[in-house]
2 protein chains.
Amino acid sequence: MKHSEVKNRIIETASFLFYKNGYNSTGINEIISEAGIAKATLYNHFKSKEEICLAYLKFKNSSFIQDVEDFTTSKPKGKAQVLAIFDFLELFFRDKDFNGCWCIKTVSEIPKDNEIIRAEIQLQKHSFIDLISKLITNNLENVKEAQVKSLARQIYLLYEGAVGESHLHQEDWPIKETKQLCSQIIS
Amino acid sequence: MKHSEVKNRIIETASFLFYKNGYNSTGINEIISEAGIAKATLYNHFKSKEEICLAYLKFKNSSFIQDVEDFTTSKPKGKAQVLAIFDFLELFFRDKDFNGCWCIKTVSEIPKDNEIIRAEIQLQKHSFIDLISKLITNNLENVKEAQVKSLARQIYLLYEGAVGESHLHQEDWPIKETKQLCSQIIS
DNA sequence: AAAATTGAACAGACAAGTCTGTCTTTGTTT
DNA sequence: AAACAAAGACAGACTTGTCTGTTCAATTTT
């Protein structure tokens, strides 16, 4: 196996396990045995478990941003493209591997003073808010420039609430209610 | 110290540590040394760490429900009493011990198949939704009976989103934005 | 006297990370 | 083409330390 392939395999395996079972509950031994690699190989690619955690967050986020962009742009222009993020979430929720937001999960597990992980997570969330901002300016003509930031944040908050609560309750009414609410505020 | 006082001391100490540092990261040894009791005493009151976790969740929730009720009823009747939950959250957020939602934190840490903990958390959230429903029917006369459930859920989702995101970003704009949004939908 | 608490030792599992030494693959040099 | 070298992957033992939960004799409280 190529060098970069091994690294990807580690990231994918660790991501699957971290997301499914939690960061603290997933041991290095579990990762290597699942990935079918040796421990020294893992530590040849990552200098610590925390470094794998960062790679996990980045991996999840880049897939997510890509998927959301693809999904929304496949919808007809206008309000529909904005509301599409909730339809995307509905699909995400129905997936058997759905386990809520990886950022919230990770923040809940790491010590409060871990600035490195926290900074990465805040960065990711801001990139998502930026995506929503772009969706707004591209699709909602009647929204003034000065309102975009606030509106993007509100939609973001609705989305995040829906992710967490649909996961907690294991039901999809949080998605439906927030989509309904979003529809109200963009009309 | 009385028997029940010891038990309360364990619950308070464990709650403080679980909430601050996380459930998995808090060991039994830390709890007993912080509470100043012997390990056998702890296991005389609780048969497992999971049982302490349940007591922790119940302890946090009953304080919370009580505090929210006291705070909202101290405000003038009408819209203000509903919006007061976001002012309450603002105070909660400014508290140095604020660490987000204990339910979300705990759900993020426990195995997916732990039905006992999960059931308790869902119960707590429903009791909070009930509280919001009562706030609506007591304060918003123009809301029809049939709309109460949906509106309560929406306000609940706004609140929960605000808790999680203010914690994640360590800023209070999520609280301000959701309060603004709430104000819009109840007018 | 009965009940509860104490400290300390204990068991057994598991954690992150290091290290030794071997095997395989790749690419370069002769 | 053959010999060689360097890189990286391999298994797995090992260190150091933490974890939950149990046991027990001694002491304190009621």
Side-chain angles (χ1 to χ4, degrees), chain A residues 1-57 105-106 108-117 120, chain B residues 1-57 105-106 108-117 120:
Chain A
M1 223 190 309
K2 271 229 182 90
H3 185 73
S4 65
E5 284 172 8
V6 173
K7 185 155 191 169
N8 281 339
R9 181 153 177 75
I10 295 170
I11 293 173
E12 280 163 29
T13 308
S15 296
F16 177 77
L17 294 170
F18 285 163
Y19 185 59
K20 185 177 167 217
N21 302 327
Y23 176 67
N24 285 326
S25 302
T26 303
I28 294 290
N29 291 326
E30 202 182 345
I31 297 172
I32 61 168
S33 101
E34 190 71 21
I37 57 153
K39 197 179 270 195
T41 305
L42 185 145
Y43 280 99
N44 205 26
H45 287 276
F46 300 94
K47 74 171 210 287
S48 67
K49 195 186 178 188
E50 183 182 297
E51 220 172 61
I52 305 175
C53 183
L54 273 175
Y56 151 62
L57 292 171
K105 269 178 81 78
T106 306
S108 298
E109 292 207 63
I110 57 160
K112 218 175 176 177
D113 58 7
N114 190 325
E115 303 289 350
I116 298 162
I117 304 275
E120 171 62 28
Chain B
M1 224 189 312
K2 272 228 184 90
H3 186 74
S4 65
E5 284 172 8
V6 172
K7 184 155 191 170
N8 281 339
R9 179 151 179 76
I10 295 169
I11 294 173
E12 281 163 28
T13 308
S15 295
F16 177 77
L17 294 170
F18 285 164
Y19 185 59
K20 185 177 167 217
N21 302 327
Y23 175 68
N24 285 326
S25 303
T26 301
I28 296 290
N29 292 324
E30 202 182 345
I31 296 172
I32 61 168
S33 95
E34 191 72 22
I37 55 155
K39 196 183 275 194
T41 306
L42 184 145
Y43 279 100
N44 206 23
H45 287 276
F46 299 96
K47 74 170 210 289
S48 67
K49 193 187 179 187
E50 183 183 298
E51 219 173 61
I52 306 175
C53 183
L54 272 175
Y56 150 63
L57 293 170
K105 269 178 81 78
T106 307
S108 298
E109 294 207 60
I110 57 159
K112 217 174 176 177
D113 58 7
N114 189 325
E115 303 288 350
I116 298 162
I117 302 275
E120 170 61 29

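So you know, we letter chains A, B, ... as the sequences are listed, proteins then strands, and number each from 1. Keep in mind it's a predicted model, so treat the numbers as computed, not measured.
Using a 4.0 Å heavy-atom distance criterion, B:Thr26 is classed as a sugar-phosphate-only contact.
Nearest to the side chain of A:Asn44, among D:dG12, D:dG8, C:dT5, sits D:dG8. Considering only the side chain of A:Ile37, D:dC10 comes nearest among D:dT20, D:dC10, C:dT5. Nearest nucleotide to the B:Tyr43 side chain, out of D:dA9, D:dA13, D:dT22: D:dT22. Across D:dA11, C:dT5, C:dG7, the shortest atom-to-atom separation from the side chain of A:Ala40 is found for D:dA11. The side chain of B:Asn29 has D:dT20 as its nearest neighbour among D:dT20, D:dC10, C:dG17.
Checked options B:Ile32, B:Ile37, B:Asn44; the residue passing with B:Ile10 is B:Ile37 (criterion: side chain to side chain contact (heavy atoms under 4.5 Å, CB included)).
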Could you walk me through whether B:Tyr23 and B:Lys105 satisfy the side-chain contact (heavy atoms from CB on, under 4.5 Å) test, starting with their C-alpha distance in whole Å, then the side-chain angles of each, then the deciding distance to 0.1 Å, before giving a yes or no?
CA-CA 8 Å; B:Tyr23 175 68; B:Lys105 269 178 81 78; over 6 Å; no
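Rounding to whole angstrom units, CD1 of residue A:Ile31 and P of C:dA15 are separated by 10 Å. Computed from coordinates, the B:Lys49 NZ to C:dA13 C1' distance equals 15 Å when rounded to whole Å. Note: CZ (B:Phe46) to C1' (C:dT5) measures 16 Å, nearest angstrom. Rounded to whole angstrom, the span from the CD atom of B:Glu51 across to the P atom of D:dT20 amounts to 15 Å. One atom, NZ of A:Lys39, and another, C1' of D:dG8, lie 19 Å apart when rounded to the nearest Å. One can place CZ of A:Arg9 at 13 Å from P of D:dA9, the figure rounded to the nearest angstrom. A:Asn21 has its CG atom 16 Å from the C1' atom of C:dA15, to the nearest Å. Distance CD1 (B:Ile28) to C1' (D:dT18): 13 Å, rounded to an integer number of Å.
Of the possible polar contacts, none joining the A:Glu30 side chain to the A:Thr26 backbone as a donor-acceptor pair under 3.5 Å is found.
Within the structure, a side-chain polar atom (N or O) of A:His45 is placed less than 4.0 Å from OP1 or OP2 of D:dA9.
Looking only at side-chain heavy atoms (C-beta outward), B:Ile117 and B:Leu54 come within less than 4.5 Å of each other.
In this model, no donor atom of one side chain and acceptor atom of the other lie less than 3.5 Å apart for B:Asn21 and A:Lys112.
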